[in-house]
Structures are given as structure tokens and as C-alpha cells.
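Just below is one structure, and these are the notes that go with it.
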Number of protein chains: 2
Amino acid sequence: MPTVSSEELAAAAGVNSAKLRKDFSYLGSYGTRGVGYDVEYLVYQISRELGLTQDWPVVIVGIGNLGAALANYGGFASRGFRVAALLDADTALAGRLVAGLPVRHIDELETIVADNQVSIGVIATPAGAAQEVTDRLVAAGVTSILNFAPTVLSVPDGVDVRKVDLSIELQILAFHEQRKAGDDRPEPDGDVPAVMPA
Amino acid sequence: MPTVSSEELAAAAGVNSAKLRKDFSYLGSYGTRGVGYDVEYLVYQISRELGLTQDWPVVIVGIGNLGAALANYGGFASRGFRVAALLDADTALAGRLVAGLPVRHIDELETIVADNQVSIGVIATPAGAAQEVTDRLVAAGVTSILNFAPTVLSVPDGVDVRKVDLSIELQILAFHEQRKAGDDRPEPDGDVPAVMPA
DNA sequence: CCTTGTGAAAGCATTCACAGCC
DNA sequence: GGCTGTGAATGCTTTCACAAGG
């Protein structure tokens with residue numbers, strides 16, 4: 001039986017082994033003292049806890065470059081996500097194949113969500129369309145929304161929204177870059193803060 | 001002079017006002033007791049601290065759907081990022097305009113990085129090409145890399161890498177979705193952890 | 001007054017260190 | 001013997017609460 005120790009996993013992940021053991025302990029007691037963790041069993045338990053063993057149908061709304069990139073993104077299928085439909089308001093796009101799926105018109109949204117029991121929607125539309133799409137998704141029964149549009153969405157209680165801003169990570173890099181440059185010369189003006197986030 | 005209080009800002013951001021004041025205090029003492037913060041001055045100070053007042057030339061490597069989506073993404077320009085060049089290994093793409101910029105061949109990488117003093121590179125290539133592109137970027141002088149490819153990059157000390165996994169946010173939504181569904185019925189099997197991350 | 005800026009207190013997260021168990 | 005699981009200790013973050021100051 002292939003096993004792995006908390007020490008090995010911690011080294012691979014770059015964290016402290018006690019933290020790793022404590023985190024695992026919240027999921028249950030899946031290790032064996034003196035031996036380690038049964039790899040296969042551990043993978044299964046973590047997958048189940050994270051919801052990776054379930055099938056999650058999602059709809060992607062807005063099939064521009066970003067929507068197409070998301071539809072083609074391999075990481076979704078391997079984590080239990082199934083693209084139930086690609087939707088766009090542009091009738092010229094209707095029927096075109098993207099990542100092997102036909103683009104369908106936004107007016108089919110309600111039917112598709114109901115027929116496929118979709119609970120997760122991905123918004124890759126321009127900012128101006130995002131709120132209206134959100135309202136329709138929510139009315140149709142979607143309770144989780146991943147928003148790539150650069151706008152804040154309002155939703156009723158009970159609906160989760162996560163916003164992805166593609167430039168935030170770039171901004172974090174630029175922040176560190178600025179710090180690197182500043183290490184060998186004085187700041188151009190003003191004070192250097194004593195503490196800043198990593 | 002338009003001002004804003006820590007209480008107003010905290011309410012808008014959904015955080016505690018004391019935390020907000022303490023965070024601001026690390027940047028300096030920019031408020032006025034009994035009045036609040038001068039909006040314009042505060043915006044300037046925060047912008048400067050975050051590096052938003054600087055110009056950051058970036059190159060985007062891999063002009064598929066994702067690369068094109070990034071090139072078109074409006075959020076970059078407004079935060080001080082300037083796309084110095086779009087690069088791709090596909091010669092068929094060379095010269096094509098994406099977001100108003102011509103796609104250039106990957107072999108121009110070294111020249112472009114040097115000529116534009118690029119310190120930040122964005123990788124939107126397939127996983128297989130990412131490490132090689134990284135090595136070339138680093139050799140050319142890039143010290144910060146934003147990686148959208150689903151692979152772990154190795155870089156020398158002094159180079160920052162941030163990895164963006166477009167499916168992680170979706171996974172977080174699915175995790176909460178699973179929890180919602182589980183609230184009204186017993187777990188299918190196994191224990192419910194006492195604590196899980198938000 | 002009113003609101004900032006900040007010590008002190010409270011609340012969390014991480015790490016230590018070792019008893020418990022295979 | 002070796003590694004997990006976990007109380008206790010440590011360290012960090014957030015909040016409280018109020019003196020300081022316009």
C-alpha cells in the first residue's frame with residue numbers, strides 16, 4: 001500500500017508538517033501512526049470533501065475570447081465541472097462550435113438551466129451585460145456565480161458570487177517589483193510603511 | 001475639500017473601521033482628526049504605494065484565446081500596465097492585430113524585453129511551452145512572471161512567479177454549493193469536518 | 001464635538017513538542 | 001521505532017476603546 005508522510009507532503013507543498021496534519025485532522029483521522037497516509041484513500045477523502053467527486057454542470061455566458069478560453073480550459077473537466085452550455089447574445093455566433101460545443105442563444109438560458117439542473121454560472125460578458133445576465137441566471141435557479149466581468153454584481157441572499165479580476169495578480173507582481181527596485185535606492189518621496197502585506 | 005471617514009469606507013468595503021484605520025496608518029498619517037481623509041490625497045498616496053503611478057511594460061506570450069482576452073482586458077491600462085508586445089510561436093499569427101497590437105514572433109522576445117525594459121511577463125501558452133518561455137524571459141531580464149499555464153514553473157531566486165488557476169474559484173463555489181445542498185440532509189457518508197475554510 | 005491613530009485585549013492561525021498508537 | 005493527532009505555546013491579525021488633536 002503506497003503511503004506518504006506528513007513530512008513529505010509538507011516539504012512538497014512548502015508548509016509546516018504540523019499544520020498539514022492539523023488541517024487533515026479536520027477532515028477526519030485518515031492516517032496511520034508510524035506509517036503515514038494511504039495515498040489513494042487520502043486522495044479520495046480530500047476529493048470528496050472538496051466536491052470533486054460530484055458532477056457540476058456549469059453554463060458559460062459570453063463567448064468572446066475569455067469565454068472561449070474558459071470553454072477550452074482543460075482544468076475544468078478534470079475537477080468535476082461539465083460545461084452544459086455556451087451562451088451568447090450575438091445571434092451571429094449561434095451554432096458555431098467552441099471547444100466542441102455549439103454556442104447557443106442567451107434566450108435559451110432558462111430552459112438550459114432548468115433541464116440540466118445547473119447551479120453554477122460563469123459570466124464572461126462585457127461589464128454592461130453582466131447584471132442582466134446575473135438576474136436571469138438567478139431567476140432560473142443558479143445559486144453560484146463566477147464573475148469575470150469588471151463590475152460588482154448584486155444578488156439576493158443565498159446566492160454566492162466570486163469575482164475574478166485578471167489584473168489583481170499582475171498588480172501584486174508590480175508591487176513586489178517596485179519593492180525590489182526600491183531596495184537599493186531611497187524612496188522617491190514620502191514615507192516607507194513599516195509593514196506591508198506579502 | 002471632499003473627505004471620507006474610515007466609517008464610510010469601512011461600510012463600503014464591508015470591513016471593520018478600526019482595521020481600515022490601522023491599515024492606512026501603515027502608509028502614514030494621512031487623515032485629519034475630526035474630519036476624515038482627503039479623498040484625492042488618499043487616492044494618490046495609496047496609488048503610489050501600490051505602484052499604480054508607475055508605468056509597467058509587460059509582454060504577453062501565447063496569443064490564443066486567453067492571451068487575446070488578456071490583451072483586450074481593459075483593467076490593465078487603467079492600472080499602469082502597458083502591453084509592450086504580444087508574442088507567439090505560431091508564425092501564421094505573426095503580424096495579425098490583437099487589441100490593436102501586432103502579434104510578433106517569439107524569437108523577438110529577447111530584443112523586445114531589452115528594448116522596453118520589460119520586467120513583467122505574462123504566460124498564456126499551453127503547459128508544454130511554459131517552462132521554456134519562462135527560461136527565455138528570465139534570461140532576457142524579466143523578474144516577475146504571471147503564469148496562466150497549468151504547470152508549476154521553476155525559476156531562479158529573485159524571480160517572482162504567481163500562478164493563476166482559472167478553475168480554483170469555480171472549485172470554491174462548488175464547495176459552498178455542496179455545503180448548501182448538504183444543509184438539509186445528512187452527509188452521504190463519512191464525517192463532517194468541524195471547521196473548513198470560508 | 002468628531003474622527004483619527006494606536007496601545008491593549010481578544011480572537012485566530014501556526015508551530016512546538018510529545019503522548020498515543022501502529 | 002516512527003509517524004500521527006493534538007493540547008499547549010507562540011505569534012499574528014483584528015477589534016476594542018479611548019487619548020490626542022483638528
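Both A:Val15 and A:Thr32 lie near DNA chain C, and the one whose nearest nucleotide falls closer to the 5' end is A:Val15. Of the two residues near DNA chain C, A:Val35 and A:Ala18, the one whose nearest nucleotide lies more 5' is A:Ala18.
Going from atom CG of B:Asn16 over to atom P of C:dG11 covers 14 Å, rounded to whole Å. Rounded to an integer number of Å, the gap from A:Leu20 CG to D:dT4 P is 9 Å. Taking atom CZ of B:Phe24 as the reference point, atom P of C:dG5 lies 10 Å away to the nearest angstrom. Distance B:Lys19 NZ to C:dG5 P: 16 Å, rounded to the nearest Å. Remark: C1' of D:dC3 and OH of A:Tyr30 are 19 Å apart, rounded to the nearest angstrom. Going from atom OH of B:Tyr26 over to atom P of C:dG7 covers 10 Å, rounded to whole Å. Rounded to a whole Å, the CG atom of A:Leu42 is 14 Å from the C1' atom of D:dG5. Summarising the geometry, the separation between CZ on B:Arg21 and P on D:dA20 is reported as 16 Å, rounded to the nearest angstrom.
One donor-acceptor pair, N or O on each side, does fall under 3.5 Å between the base of C:dT4 and the side chain of B:Arg33. The base of C:dT15 is paired with the side chain of A:Lys22 by a donor and an acceptor separated by under 3.5 Å.
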Test side-chain hydrogen bond (donor to acceptor under 3.5 Å, both in side chains) on A:Tyr44 and A:Asp38 and set out the steps. CA-CA 10 Å; A:Tyr44 169 71; A:Asp38 171 8; over 6 Å; no
Test A:Gln131 against A:Thr134 for side-chain hydrogen bond (donor to acceptor under 3.5 Å, both in side chains), laying out the working first. CA-CA 5 Å; A:Gln131 183 64 55; A:Thr134 300; 4.9 Å; no
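Between the side chain of B:Asp90 and the main chain of B:Ala92, a donor-acceptor pair closer than 3.5 Å is present. Not a single donor-acceptor pair under 3.5 Å links the side chain of A:Trp56 to the backbone N or O of B:Gln171.
Across all strands shown, B:Tyr37 has heavy atoms under 4.0 Å from sugar-phosphate atoms exclusively, and none from any base.
At least one side-chain nitrogen or oxygen of A:Ser29 sits closer than 4.0 Å to the OP1 or OP2 atom of D:dG5. Note on B:Ser6: every side-chain N or O is 4.0 Å or more away from OP1 and OP2 of C:dT3.
Side-chain contact check for A:Glu8 and A:Ser5: at least one donor-acceptor pair (N or O, by modelled atom type) lies under 3.5 Å.
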